[in-house]
K.L.:
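Before anything else, here's the structure in question.
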2 protein chains.
Amino acid sequence: MKSSRIPRATIQRLASYVQILETLSQEGEKVISSEGLARACGVNPSQIRKDLAYFGEFGVRGVGYYVQDLLTAIKQSLGIDRVWNVAMVGVGNLGRALLRHKILRKRGFMLVGAFDCDPFKIGEEVAGLEVYSSKRLQEMAGELNVEIGIITTPPKRAQRAANYLVEAGVKGIVNFAPVRIDVPENIAVEYVDFIHHLFSVAFNISLNLSKGLI
Amino acid sequence: MKSSRIPRATIQRLASYVQILETLSQEGEKVISSEGLARACGVNPSQIRKDLAYFGEFGVRGVGYYVQDLLTAIKQSLGIDRVWNVAMVGVGNLGRALLRHKILRKRGFMLVGAFDCDPFKIGEEVAGLEVYSSKRLQEMAGELNVEIGIITTPPKRAQRAANYLVEAGVKGIVNFAPVRIDVPENIAVEYVDFIHHLFSVAFNISLNLSKGLI
DNA sequence: TATAGATTGTTAAAAATTTCACGTAACACA
DNA sequence: TGTGTTACGTGAAATTTTTAACAATCTATA
Ligand SMILES: NC(=O)c1ccc[n+]([C@@H]2O[C@H](COP(=O)([O-])OP(=O)(O)OC[C@H]3O[C@@H](n4cnc5c(N)ncnc54)[C@H](O)[C@@H]3O)[C@@H](O)[C@H]2O)c1
Ligand SMILES: NC(=O)c1ccc[n+]([C@@H]2O[C@H](COP(=O)([O-])OP(=O)(O)OC[C@H]3O[C@@H](n4cnc5c(N)ncnc54)[C@H](O)[C@@H]3O)[C@@H](O)[C@H]2O)c1
């Protein structure tokens, strides 16, 4: 097939294939079938084959997919076969948790700058990074070659943080504050909101209760 | 319309309507149209009307939706018109960030227990909660009347944490560890994975680059 | 080299979701 | 009370996404 518009859901699933393939790879598995992969991430095998078909032909008929090759192929397709420089705006509870977490680095997202507006936080060191004043974002982002911004400020400050980041020339933003932000069209934005998941669980429990399943 | 099977995507959107309605309510807005709400959360107005139609008729033709009434109606529909007792397993970086964050409480998710297996952490106090040994989960969960569990352990420990939670009688789980967990059918599970969003942004930036938009 | 068995890539069908379009109801105001 | 305007609720159309089915093709083995 190749190209055409790629469903957002496909991208999400590809990301989970990566997670699973990384694990398989660590466990020394050499080959995996679409059925095996499907079981591991709870989707339909055809779905997987179709998702992959958007990007190319990575499997071997009668055999399956070579774990390493597929991993490489998907990463390339997603554009994560390289290191992305990331800056974080808002070094509070959540910001710190993210900075300290090694998974970002392991997946190729290098935190190169941390910014906050709180004078008590500026100058502090978190996970080996000095916290800078957000006023210096624009000046430093160029220097640090920042491409992606992560917003972990309170919701009311998210738009301002986004403005700083856009001025600083980032090309994409992941926003953890539960508000929509306004940015130019050609900036890629993703919203993360945990609360949604709690709502979902609460809803499903209520549903199960009303169906008498519990 | 009312009832029939409700799309997962609808639930997600309802959650974001709640966020926006809370803000509107705080700002003193009394009425909002499907179009206004649609603009605020970046979807189609019909979509909103259809989403709401699954649960009932909450609007007034020619007028719109009364913010407070709609908020109440959606919360009731989602089953978040009450307080849910939540326990957290794994009090590391992320667990702490969640415990300290007030939004959970504000949205009706009351953290009533925090559990960890690290002897250095047991007995510590985080956000007014004592950290207990995860061995005591089952014993205490009944006492605390825990209904939802949040897993914030390392991936390798997530299944064990899930087992504890299920034995302890929780009815739903939000899993922040990037692995699937195996639980009985009637337990509602939601997965949270930030990395997906970073992947998405990276992909979209790559796409924009290749389309010459940047 | 032929054959059996396995699993992909792809097309077609089915299902789900989103958008459109319009009848209908509520309000404001003359 | 009548009329114009607005915006909901909903059935039908359009679109998107998922699933099923199968021909193509690879490996192994005799
Ligand atoms: N902590 C969580 O688990 C959690 C969960 C869901 C959502 N969130 C969201 O993530 C965001 C951060 O949460 P948190 O718990 O870390 O809050 P926090 O208050 O601990 O941290 C916010 C940080 O942002 C800084 N800040 C404020 N305005 C700024 C600006 N203009 N420029 C730079 N820095 C600025 C503050 O100084 C502070 O350090 C919030 O929007 C919150 O709703 C957090
Ligand atoms: N920190 C982040 O921003 C972030 C981002 C994405 C995903 N995650 C995921 O969230 C999880 C937690 O991340 P973290 O950064 O907080 O890790 P962490 O190592 O800081 O914390 C993990 C905690 O779990 C505890 N634990 C281990 N096994 C346990 C068990 N069986 N029962 C109870 N407690 C147990 C550990 O003692 C530790 O306190 C990980 O799975 C991680 O991949 C975290």
K.L.:
Starting from the 5' end of DNA chain D, give me the residue, A/Ala9 or A/Val60, whose nearest nucleotide shows up first.
P.N.:
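Result of the comparison: A/Ala9.
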
K.L.:
How far apart are the C-alpha atoms of B/Glu22 and B/Lys106, what are their side-chain angles, what is the distance that settles it, and do they pass the salt bridge (Lys or Arg N to Asp or Glu O under 4.0 Å) test?
P.N.:
CA-CA 11 Å; B/Glu22 294 273 11; B/Lys106 216 161 70 184; over 6 Å; no

K.L.:
Atom CG of B/Asn44 to atom C1' of D/dA13: distance rounded to whole Å?
P.N.:
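Taking CG of B/Asn44 and C1' of D/dA13, I get 14 Å after rounding.
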
K.L.:
Send over the distance from B/Phe58 CZ to D/dC8 P, rounded to a whole Å.
P.N.:
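Nearest whole value for this atom pair: 14 Å.
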
K.L.:
From the options D/dT27, D/dG9, C/dT10, select the nucleotide whose nearest atom is closest to the side chain of A/Val63.
P.N.:
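Looking only at heavy atoms from C-beta outward on A/Val63, the closest nucleotide is D/dT27.
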
K.L.:
Rounding to an integer number of Å, can you tell me how far A/Glu35 CD sits from D/dT19 P?
P.N.:
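That distance rounds to 14 Å.
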
K.L.:
Report yes or no: is the cationic atom of B/Arg180 (NZ for Lys, CZ for Arg) closer than 6.0 Å to the six-membered ring centre of B/Tyr191, at no more than 45° off its axis?
P.N.:
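B/Arg180 over B/Tyr191 ring: yes.
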
K.L.:
Could you check how far CZ of A/Arg61 sits from C1' of D/dC22, rounded to whole Å?
P.N.:
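Computing the A/Arg61:CZ to D/dC22:C1' distance gives 11 Å.
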
K.L.:
Any N or O donor-acceptor pair under 3.5 Å from the base of D/dA7 to the side chain of B/Ser33?
P.N.:
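Counting by modelled atom types and ignoring angles, no donor-acceptor contact under 3.5 Å is found here.
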
K.L.:
When the distance from OH of B/Tyr54 to C1' of C/dA16 is rounded to whole Å, what number comes out?
P.N.:
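Going from B/Tyr54 (OH) to C/dA16 (C1'), I get 9 Å.
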
K.L.:
State whether a side-chain donor-acceptor pair under 3.5 Å links A/Gln12 with B/Ser200.
P.N.:
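Side-chain D/A pair, A/Gln12 to B/Ser200: absent.
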
K.L.:
Among the nucleotides D/dC8, C/dT10, C/dT8, which one has an atom lying closest to any side-chain atom of B/Ser34?
P.N.:
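Among D/dC8, C/dT10, C/dT8, the one nearest the side chain of B/Ser34 is D/dC8.
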
K.L.:
A/Ile6 has an atom CD1; how far is it from atom P of D/dT16, in whole Å?
P.N.:
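Between P of D/dT16 and CD1 of A/Ile6: 14 Å.
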
K.L.:
Can you check whether B/Arg13 has a side-chain N or O nearer than 4.0 Å to OP1 or OP2 of C/dT18?
P.N.:
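Checking C/dT18 against B/Arg13, a side-chain N or O does come within under 4.0 Å of OP1 or OP2.
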
K.L.:
Looking at A/Tyr66, does any N or O in its side chain come under 4.0 Å of the phosphate oxygens OP1/OP2 on D/dT27?
P.N.:
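No.
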
K.L.:
Rounding to an integer number of Å, can you tell me how far A/Arg5 CZ sits from D/dT17 C1'?
P.N.:
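Interatomic distance, CZ of A/Arg5 to C1' of D/dT17: 10 Å.
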
K.L.:
Counting only side-chain N and O atoms of B/Tyr65, is one of them less than 4.0 Å from OP1 or OP2 of D/dG9?
P.N.:
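True: B/Tyr65 side-chain N/O within range (under 4.0 Å) of D/dG9 OP1/OP2.
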
K.L.:
Verify the distance criterion only: is there a donor paired with an acceptor across the side chains of B/Gln19 and A/Asp193 at less than 3.5 Å?
P.N.:
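Yes - a donor-acceptor pair under 3.5 Å links their side chains.
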
K.L.:
Quickly work out the B/Asp51 CG to C/dT19 C1' distance and round it to whole Å.
P.N.:
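Answer to the nearest Å: 12 Å.
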
K.L.:
Looking only at side-chain atoms of B/Ser46, point me to the closest of C/dA21, C/dT18, D/dT17.
P.N.:
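The answer is C/dA21.
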
K.L.:
Return the nearest nucleotide to the side chain of B/Gln47; candidates are C/dC20, C/dT18, C/dT7.
P.N.:
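For the B/Gln47 side chain, the nearest candidate turns out to be C/dT18.
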
K.L.:
Would you kindly say whether B/Glu167 and B/Asn163 are connected by a side-chain donor-acceptor distance under 3.5 Å?
P.N.:
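Absent: no donor and acceptor within the cut-off.
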
K.L.:
Between D/dA7, C/dT17, C/dT11, which nucleotide has the shortest distance from any of its atoms to the side chain of A/Lys50?
P.N.:
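For A/Lys50, the side-chain atoms sit closest to C/dT11.
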
K.L.:
Taking 4.0 Å as the cut-off, does a side-chain nitrogen or oxygen of A/Arg49 come that near to OP1 or OP2 on C/dG9?
P.N.:
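So the side chain of A/Arg49 is outside the cut-off, no N or O lying under 4.0 Å from OP1 or OP2 of C/dG9.
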
